[in-house]
Undergrad: 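Structure incoming, see below.
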Amino acid sequence: MMVEAMAIYDRSIRARLEPTHNGEFVVINLDTGEYEVGERDAEVTLRARARFPKARLFTHRVGSEAAYRIGFLPKRTA
Amino acid sequence: MRGTVSESLTPEIGVRVVGPVASAEYIAAIDTGFNGGLTLPAAEAARLGLESAGFAAAQLGDGSVVRLAKHVGEIEWLGARRAVTVMACESAPLVGMDLLHGSALRMHIVVGGEVSVERAD
């Protein structure tokens, strides 16, 4: 399901959000491709749950490999 | 909010998490390497009845990426109750930077040292 989720992000959402919204949370309705985006995880998640109450949801962080990091910091590229 | 640095030099703070079914208090580690809200073991998220918010990927210390279930609940934080995202993760509970956002974190990094989280606005 992760592969499917990232495919939806790559195909329909990435170009719209990167780089302007880099670092923000995007919560995606996997059934329709609609999404909510914003800076604070809890706020975006609650908006997405209210808007898509029965949908399968996937959270990603715009411009990052994963929504969260736990004990990992990507190396600086510049 | 006040906490203590543990014997393993982990900054710890007590948090109360509120779910639809139950509430519970945890001693959580403040993890500046975690950029989410809160983690709890999956069994605890279930016990509190935390509502599902789908799933997300997390990148771990070895660079691997894992899929974690995501939930929403409420937490008593800086004198108020607020919404919090909770990732199901089998570590001890972690408080992350998204929950700390907007606050000032101070710690005296010795065993038994004081940890404080205060509003910074």
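A, B, ... follow the sequence lines: proteins, then strands. Residue 1 opens every chain.
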Undergrad: Checking heavy atoms, do the side chain of A/Glu43, its backbone, both or neither come under 4.5 Å from chain B?
TA: neither

Undergrad: Where the side chain of A/Arg49 meets the backbone of B/Ser52, is there a donor-acceptor pair that is under 3.5 Å apart?
TA: yes

Undergrad: Using heavy-atom distances under 4.5 Å, tell me whether A/Ile28 contacts chain B through its side chain, its backbone, both, or neither.
TA: neither

Undergrad: Between B/Asn35 and chain A, with a heavy-atom cut-off of 4.5 Å, which part of the residue counts as in contact: side chain, backbone, both or neither?
TA: both

Undergrad: Is it possible for you to say whether B/Val95 and B/Val117 belong to one hydrophobic cluster, with membership spreading through side-chain heavy-atom contacts below 4.5 Å?
TA: yes

Undergrad: Does the pair B/Asp98/A/Arg61 count as a salt bridge with the N-to-O cut at 4.0 Å?
TA: no

Undergrad: Where on A/Phe25 is there a heavy atom nearer than 4.5 Å to chain B: the side chain, the backbone, both, or neither?
TA: side chain

Undergrad: Between B/Leu99 and B/Phe34, is there shared hydrophobic-cluster membership here, with clusters defined by ILVMFWY side-chain heavy atoms closer than 4.5 Å?
TA: no

Undergrad: So B/Lys70 and A/Phe58, do their side chains get closer than 4.5 Å, heavy atoms only?
TA: no

Undergrad: Report which part of B/Val65 has an atom under 4.5 Å of a heavy atom belonging to chain A: side chain, backbone, both, or neither.
TA: side chain

Undergrad: Which atoms of A/Ala48 are under 4.5 Å from chain B, going by heavy atoms: the side chain, the backbone, both sets, or neither?
TA: neither

Undergrad: Report yes if the side chains of A/Tyr68 and B/Met97 come closer than 4.5 Å at any heavy-atom pair, otherwise no.
TA: no

Undergrad: Counting only N and O atoms by type, is there a donor-acceptor contact under 3.5 Å from the side chain of A/Arg69 to the main-chain atoms of B/Gly33?
TA: yes

Undergrad: Less than 4.5 Å to any heavy atom of chain A: does that hold for the side chain of B/Leu68, its backbone, both, or neither?
TA: side chain

